[in-house]
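Below: the structure, in structure tokens.
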Amino acid sequence: MRRFLVLGVMAVLALTGCGGGEPAAISAAGLPSAKDSTFVYLHHLDIVTDWDPASSYSNEIVAMQNIYDSLTMYNPRTRRAGPRLAVAWTSSADGKTWTFTLRDGVVFHTGRPVDAAAVKASVERTKRLGAGAAYIWDSVQQIVVRDPLTVEFRLKYAAPLDTIASSGYAAFVYDTHAAGSGDLGKWFQAGRDAGSGPYTVASWKKGRERELVLRAFDGYWGGWDGPHYRNVEFRVTPDPARAYRMLLRGEASYVQRLNTELFLRAKATAGVRTIQVPSFQNMLVLFNTASGPLADVRLRKAVQKAIDYDGLITRMRGAAAPASGLVPEGLLGHVPGRRTRQDLAGAAELLAQAGYGPGSAPLRLTLTYAQGDDDEALLVRLLTQALKPLNVQVQAKAMQWNDQWSRGKATDPAKRQDIFVMYWYPDYADAYSWFLNVFHSAEPVSFNLTYLKDKNLDERIDTLPSLVTSDRVAAEKAYADLQKRLVEEEAVVAVPWVSTYQRAYLGNVQGYTDNPAYSNVVFVHDLTPGG
């Protein structure tokens, strides 16, 4: 339950006043040829926070999903788990025994075989460490090796293990013997890997722009027949104007996201491809329920009502879709018809009931959000403007994520913020991640940044995996009831929008699709470098 870094989307700004001009189009001569088999991915934040596949819970997902394999992989077309290391699986009628048949002949980058014993060892180590998203395996009571290619999971309670095994985090199968007699955790943190995916680490230079380079693993089970990118570079490029220019010059293959203005430019630029897709990522405005003025539910509801939901969607022009509750469309638990709209009169009435508002003492609130994210900055600006006439003063501070999160986790309640703005997306394609990570009680504080402590709520959240497996109708109702309580009754959170990803990449990159279960990941082996 300790995601180290919630995804910050790259919000590429318009190039007003940047100087240096901008190419009108990418010429054919400016595009890398098929012989240039390096895929260059631009990110505005550091790529790697944690190299250990058991505890990794950060931006390194974009690299890790190209280095490691999980048993299954979520298929957005079927909305079900599909094969990866496992080629087939079955479950018992009660959903408490799952048997996976593994792909034959797979080896780790270390040369050792990926067999049932390796699956057992990696999952057991991940569970034992209990870091990152290790909670996904909480249902597992015992793992049994039936034969080298058959592994059986016996669960404490029914759970959708095929979907869980496709998680973007903590589901990786890795060689637990990679460090020999040494400390495996320290071995990983030196920038090494022990995966079975198409790429392995070539170099890692923390703090450098060209932070991470991956190279092809020749023994990859998926093979290298036909044209493929043999190398992947992850570059940290916080200056959005520079990132966009690099794409236009053909120096980058892929930019994570464009704002609407640049996205429209990119759509009209020869040599650049664009894609706009819905996501499972939404924006959360989390209210401090434990200390400070927002411990009063009336004030939480007032701030919630002051958000200009429709104005934000309009201003973001395609980069966001209206939210309906906590769970984005496409996931079990999404409830249509719960779109929230601004209600300034209602906000003023609630403020007055609590002794604030025009003519009364000012309400002073502190708010933190991600530095360099212009979507979050727009949200904060519009909210501050809406609250000002209501005599609510918002002290907003843009911070680097690590600093923002550290403040949110402060053991001294007086050092925490009143409002915490961040994105969330699921660890696997199920809504459970929002409820367990963000709203379940936890000590020490991790991502439960509303600081809720509600035993009854915790118990209801704990039943969700079993319900999803045994009674989907009951699961739908449970998700709906929890959202009503958290958003409408207790007002511990506001959900201004669901992100719509706007990607831009070079025109000679062929085969790119976006999988919402693996936020911002490009599965590079699936691509073809065109001429």
Going by atom types only, do [X] and [Y] share a side-chain donor-acceptor pair under 3.5 Å?
{"X": "Asp458", "Y": "Ser441", "answer": "yes"}
{"X": "Thr72", "Y": "Asp162", "answer": "no"}
{"X": "Tyr501", "Y": "Ser519", "answer": "yes"}
{"X": "Trp434", "Y": "Asn282", "answer": "yes"}
{"X": "Thr366", "Y": "Asp418", "answer": "yes"}
{"X": "His440", "Y": "Asp462", "answer": "yes"}
{"X": "Ser291", "Y": "Asn288", "answer": "yes"}

Heavy-atom pair with the smallest gap, counting every atom of [X] and [Y]:
{"X": "Ser58", "Y": "Thr49", "value": "OG-OG1, 3.1 Å"}
{"X": "Gly355", "Y": "Ser360", "value": "O-CB, 3.6 Å"}
{"X": "Tyr74", "Y": "Asn515", "value": "O-ND2, 2.9 Å"}
{"X": "Pro496", "Y": "Leu312", "value": "CB-CD1, 4.0 Å"}
{"X": "Val272", "Y": "Ala504", "value": "CG1-CB, 4.3 Å"}
{"X": "Thr450", "Y": "Val492", "value": "CG2-O, 3.4 Å"}

With a 3.5 Å distance limit and no angle check, can you tell me whether [X] reaches the backbone of [Y] through a side-chain donor-acceptor pair?
{"X": "Ser324", "Y": "Arg338", "value": "yes"}
{"X": "Arg503", "Y": "Ile275", "value": "no"}
{"X": "Ser166", "Y": "Thr163", "value": "yes"}
{"X": "Asp46", "Y": "Lys206", "value": "no"}
{"X": "Asn448", "Y": "Ser446", "value": "yes"}
{"X": "Gln502", "Y": "Phe263", "value": "no"}
{"X": "Arg298", "Y": "Leu350", "value": "no"}
{"X": "Gln404", "Y": "Gln371", "value": "no"}
{"X": "Gln417", "Y": "Tyr369", "value": "no"}
{"X": "Trp137", "Y": "Ala170", "value": "yes"}

Parallel, tilted or perpendicular: ring planes of [X] versus [Y], cut at 30 and 60 degrees:
{"X": "Tyr432", "Y": "Tyr428", "answer": "tilted"}
{"X": "Phe523", "Y": "Tyr518", "answer": "perpendicular"}
{"X": "Tyr57", "Y": "Tyr169", "answer": "perpendicular"}
{"X": "Trp401", "Y": "Phe420", "answer": "perpendicular"}

Within-4.5 Å side-chain heavy-atom neighbours: [X] and [Y]:
{"X": "Ile47", "Y": "Val236", "value": "yes"}
{"X": "Ser55", "Y": "Leu129", "value": "no"}
{"X": "Tyr423", "Y": "Asp373", "value": "yes"}
{"X": "Asn520", "Y": "Ile61", "value": "no"}
{"X": "Arg485", "Y": "Leu482", "value": "no"}
{"X": "Val232", "Y": "Asn66", "value": "no"}
{"X": "Leu326", "Y": "Phe439", "value": "yes"}
{"X": "Leu457", "Y": "Leu486", "value": "yes"}

Roughly how far, to the nearest 0.5 Å, is the [atom2] atom of [Y] from the [atom1] atom of [X]?
{"X": "Phe287", "Y": "Leu452", "atom1": "CZ", "atom2": "CG", "value": "12.5 Å"}
{"X": "Leu363", "Y": "Asn391", "atom1": "CG", "atom2": "CG", "value": "8.5 Å"}
{"X": "Gln281", "Y": "Thr500", "atom1": "CD", "atom2": "OG1", "value": "10.0 Å"}
{"X": "Gln276", "Y": "Asp514", "atom1": "CD", "atom2": "CG", "value": "11.5 Å"}
{"X": "Arg381", "Y": "Asp374", "atom1": "CZ", "atom2": "CG", "value": "8.5 Å"}
{"X": "Leu212", "Y": "Glu60", "atom1": "CG", "atom2": "CD", "value": "10.5 Å"}

| field | Derivation and outcome, side chain to side chain contact (heavy atoms under 4.5 Å, CB included), residues Val392 and Leu299 | value | CA-CA 10 Å; Val392 179; Leu299 296 181; over 6 Å; no
Take atom [atom1] in [X]; do more than 12 heavy atoms of anything else shown fall under 6.0 Å from it?
{"X": "Glu329", "atom1": "CD", "value": "no"}
{"X": "Glu209", "atom1": "CD", "value": "yes"}
{"X": "Lys127", "atom1": "NZ", "value": "yes"}
{"X": "Lys388", "atom1": "NZ", "value": "no"}

| query | How would you list, by chain and number, every residue that makes a ring-ring contact (aromatic ring centres under 6.0 Å, His included) with Phe280, sequence neighbours excluded? | reply | none
| note | Residue pairs passing the side chain to side chain donor-acceptor pair (under 3.5 Å) test with at least one member in residues 470-482, sequence neighbours excluded, are Asp430-Tyr479, Lys477-Asp481
| said: One pair to check against side-chain hydrogen bond (donor to acceptor under 3.5 Å, both in side chains): Asp427 and Ser433. What are the steps and the verdict? | reply: CA-CA 6 Å; Asp427 298 320; Ser433 175; 3.3 Å; yes
| request: Could you please spell out the steps behind the side chain to side chain contact (heavy atoms under 4.5 Å, CB included) verdict for Val62 and Val522? | output: CA-CA 7 Å; Val62 298; Val522 177; over 6 Å; no
| remark: Only residue of Tyr512, Phe234, Tyr505 satisfying ring pair (Phe, Tyr, Trp, His ring centres under 6.0 Å) with Tyr41 is Phe234
| query | Does the pair Phe172 and Ile67 meet the rule for a side chain to side chain contact (heavy atoms under 4.5 Å, CB included), with working shown? | reply | CA-CA 10 Å; Phe172 298 124; Ile67 297 170; over 6 Å; no
| remark: Residue pairs meeting salt bridge (Lys or Arg N to Asp or Glu O under 4.0 Å), one or both in residues 308-326, sequence neighbours left out, come to Asp310-Arg339, Asp310-Arg341
| task | List the steps, then state whether salt bridge (Lys or Arg N to Asp or Glu O under 4.0 Å) holds for Glu349 with Lys305. | result | CA-CA 11 Å; Glu349 182 179 346; Lys305 288 178 179 292; over 6 Å; no
| request: Start with the C-alpha gap between Leu367 and Leu383, add the side-chain angles, then the distance that decides, and say whether side chain to side chain contact (heavy atoms under 4.5 Å, CB included) holds. | output: CA-CA 11 Å; Leu367 179 153; Leu383 178 59; 4.3 Å; yes
